[in-house]
2 protein chains.
Amino acid sequence: MTDRSIIIIFMSPRSTKQFEEIRENSRAKILDAAFELFARQGFHATSINQIAQQAGVAKGLIYNYFEKKEDLMHAIVLDGLQKSAEVMGTIQQAQPGKDRLRAMLEFTFRFLSEHAEYNRLMAALALQIQAFPELADIVTGKYNAMVPMLEEELTIAGHPYPERHAWMLAAILDGLGVQTAVLGNSLQLERLKQELIEEYCT
Amino acid sequence: MTDRSIIIIFMSPRSTKQFEEIRENSRAKILDAAFELFARQGFHATSINQIAQQAGVAKGLIYNYFEKKEDLMHAIVLDGLQKSAEVMGTIQQAQPGKDRLRAMLEFTFRFLSEHAEYNRLMAALALQIQAFPELADIVTGKYNAMVPMLEEELTIAGHPYPERHAWMLAAILDGLGVQTAVLGNSLQLERLKQELIEEYCT
DNA sequence: ATTATGATTGACCGGTCGGTCATAGTTACG
DNA sequence: CGTAACTATGACCGACCGGTCAATCATAAT
């Protein structure tokens with residue numbers, strides 16, 4: 001058994017790190033293209049050829065990085081969930097109650113306006129979650145975690161009906177997701193945000 | 001030019017009325033199948049062959065009744081919009097203000113639980129409305145009409161912040177649509193309805 | 001039985017789908 | 001330069017897509 005590191009150092013045309021960079025770059029190009037097309041047209045209406053073209057890459061290369069078309073969706077969704085989980089982590093540093101509630105609302109509204117496409121993708125996924133069984137538990141889990149979290153913050157904030165308004169707030173945020181997807185930027189998100197903050201964070 | 005009615009009366013194997021019944025029956029079978037599959041799997045994930053099989057009909061027959069696959073979607077959506085418009089017409093008979101608001105909520109919640117599939121179909125359509133340009137104006141029109149209508153009722157009902165809560169209420173109802181699609185009947189719609197009524201109709 | 005009428009069928013069409021794979025391209029060492 | 005190690009290509013595959021249409025079926029008056 002030869003020492004693999006020596007083989008790599010002495011025989012490989014590029015360093016491991018160089019290959020990793022190349023791979024990461026190609027993978028990102030493919031995921032970006034797939035994300036944009038899935039969000040705009042939906043999963044089934046988007047073909048692998050389209051993704052390859054948009055990414056500026058040959059079709060076959062996609063299958064060097066992802067086994068099936070479905071795996072593109074998985075990677076996109078999991079990436080997004082992880083990023084939003086990171087943000088939620090930083091939000092936990094805010095003072096519980098009205099401050100944290102405000103931070104959540106600020107984040108959600110910024111997300112709605114800056115990442116409308118991801119929002120649309122997730123909404124479409126939610127409606128067809130049974131077609132992506134490997135994502136089903138994760139997504140429904142996030143859904144179910146939302147209401148109790150809001151209820152706790154409302155309680156701390158001293159809201160008179162924390163239970164009732166927790167699910168209302170959750171439904172409002174989901175509904176805004178759909179409405180931005182349908183009506184686009186004709187929705188005055190900034191104004192709505194201020195009114196929600198006034199209603200729940202003052 | 002021969003008299004066409006005489007030709008029909010004396011030469012046709014079946015009366016005009018019989019033919020109409022046959023056509024209406026077949027059309028309904030096809031639309032029912034298409035509706036169920038579109039709602040469950042989405043438009044692009046559903047093939048004409050599948051629809052034909054589910055309807056118990058040959059593929060070719062579908063094209064006697066509808067020019068393109070898209071037209072099936074159009075017919076389904078327009079049928080649904082018309083039915084809901086009829087219900088909304090009867091709701092207008094209720095006393096403006098809290099009574100009418102309650103009637104709207106009762107209808108919406110009954111619709112959510114009894115026609116969850118149609119709700120899911122419409123939500124999915126809303127997210128991809130640009131793929132059905134002929135429906136875009138109609139659907140966005142319904143969307144835009146919702147908030148002012150709620151605002152008027154809230155005003156009459158004497159709500160302190162009718163404008164703010166009109167869009168909140170609209171968002172809540174949209175959000176519940178998504179949530180029922182994702183979480184199914186684990187959502188306790190009846191309880192949520194009672195709480196909304198208590199919040200806005202008492 | 002024949003006929004006219006319109007509903008119904010399913011083999012068939014060109015095209016596109018997701019996915020494969022033999023081949024080519026790129027680079028850095030010996 | 002030749003070779004090793006890996007990325008990248010696109011022609012190609014069988015399956016299935018939406019859509020067509022000549023042929024068949026069912027009926028009821030003659």
Side-chain angles (χ1 to χ4, degrees), chain A residues 2-31 33-34 37-38 41-74 131-132, chain B residues 2-31 33-34 37-38 41-74 131-132:
Chain A
T2 45
D3 186 337
R4 203 165 166 277
S5 69
I6 289 180
I7 291 178
I8 289 171
I9 291 168
F10 284 85
M11 311 284 257
S12 185
R14 286 173 236 195
S15 71
T16 305
K17 194 180 171 187
Q18 277 176 316
F19 278 131
E20 271 175 13
E21 269 174 27
I22 291 173
R23 286 188 67 81
E24 199 145 333
N25 189 283
S26 291
R27 206 185 115 99
K29 277 198 298 184
I30 292 166
L31 278 182
L37 291 169
F38 286 167
Q41 310 174 340
F43 178 80
H44 288 102
T46 301
S47 72
I48 294 287
N49 269 307
Q50 249 184 311
I51 296 170
Q53 197 170 356
Q54 168 110 5
V57 131
K59 187 210 292 206
L61 190 61
I62 295 178
Y63 288 94
N64 282 6
Y65 294 93
F66 303 94
E67 273 191 15
K68 305 165 292 179
K69 187 188 175 190
E70 231 183 30
D71 290 350
L72 286 165
M73 188 65 143
H74 292 175
F132 301 90
Chain B
T2 45
D3 187 335
R4 199 163 168 278
S5 68
I6 288 180
I7 290 176
I8 289 170
I9 291 167
F10 284 85
M11 311 285 257
S12 185
R14 285 172 238 196
S15 71
T16 305
K17 194 180 171 187
Q18 277 176 314
F19 277 129
E20 271 175 13
E21 269 174 29
I22 290 173
R23 285 189 68 81
E24 198 145 335
N25 189 282
S26 292
R27 207 183 114 99
K29 277 199 298 185
I30 291 166
L31 279 182
L37 291 169
F38 286 167
Q41 310 175 340
F43 179 78
H44 288 103
T46 301
S47 73
I48 294 286
N49 269 308
Q50 249 183 311
I51 296 170
Q53 197 171 355
Q54 168 110 5
V57 132
K59 187 209 297 205
L61 191 61
I62 295 178
Y63 289 94
N64 280 8
Y65 293 93
F66 303 94
E67 273 191 13
K68 304 164 292 178
K69 187 188 174 189
E70 230 183 29
D71 291 349
L72 286 165
M73 188 64 142
H74 292 174
F132 301 90

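Throughout, a chain's letter reflects where its sequence line sits, starting with A, and its residues are numbered from 1. Worth knowing before you read on, the calculation uses all heavy atoms, side chains too, and leaves out hydrogens, waters and symmetry mates.
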Parallel, tilted or perpendicular: ring planes of B:H74 versus B:F132, cut at 30 and 60 degrees: perpendicular

[N] phosphate, OP1 or OP2: any side-chain N/O from [X] under 4.0 angstrom?
X: B:R23; N: C:dA7; value: yes
X: B:Y65; N: C:dT8; value: yes
X: A:K69; N: C:dG18; value: yes
X: B:S26; N: C:dA7; value: no
X: B:Q18; N: C:dT5; value: no
X: B:N64; N: C:dT8; value: no
X: A:S47; N: C:dC17; value: yes

Rounded to whole angstroms, how far apart are [atom1] on [X] and [atom2] on [N]?
X: B:H44; N: D:dG18; atom1: NE2; atom2: P; value: 10 Å
X: B:K29; N: C:dA7; atom1: NZ; atom2: C1'; value: 11 Å
X: B:Q53; N: D:dC17; atom1: CD; atom2: C1'; value: 15 Å
X: B:L61; N: D:dT20; atom1: CG; atom2: P; value: 14 Å
X: B:F66; N: C:dT8; atom1: CZ; atom2: P; value: 12 Å
X: A:K59; N: C:dT20; atom1: NZ; atom2: P; value: 11 Å
X: A:E67; N: C:dG19; atom1: CD; atom2: P; value: 10 Å
X: B:F43; N: D:dG18; atom1: CZ; atom2: P; value: 8 Å

Checking C:dA7, D:dT7, C:dT20 against the side chain of B:F19 (C-beta onward), the nearest is C:dA7

Which nucleotide in the list C:dT20, C:dG10, D:dG18 gets nearest to the side chain of B:Y63? D:dG18

Heavy-atom pair with the smallest gap, counting every atom of A:A58 and A:A52: C-CB, 4.0 Å

Check A:R27 against A:F66 and note the closest heavy-atom contact, atom names and distance. NH1-CE2, 3.5 Å

Heavy-atom distance under 4.5 Å between the side chains of [X] and [Y], does that happen here?
X: B:R23; Y: B:Y65; value: yes
X: B:K68; Y: B:D71; value: yes
X: A:N25; Y: A:E21; value: no
X: B:L72; Y: B:F43; value: no
X: B:Q41; Y: A:H44; value: no

If you go through the side-chain atoms of A:K68, does one of them form a donor-acceptor pair with the base of C:dG18 closer than 3.5 Å? no

Considering every strand and a 4.0 Å limit on heavy-atom distances, what is the contact class for B:I22: base, sugar-phosphate, or nothing? sugar-phosphate

Base, sugar-phosphate alone, or nothing: which one does B:I48 contact when heavy atoms must sit under 4.0 Å apart? sugar-phosphate

Take A:N49 and B:I62, find for each the nucleotide of DNA chain C with the closest heavy atom, and name the residue whose nucleotide sits nearer the 5' end. B:I62

Using the C1' atoms of the five pairs at each end, what is the angle between the end axes of the helix from C:dA1-D:dT30 to C:dG30-D:dC1, to 10°? 30°

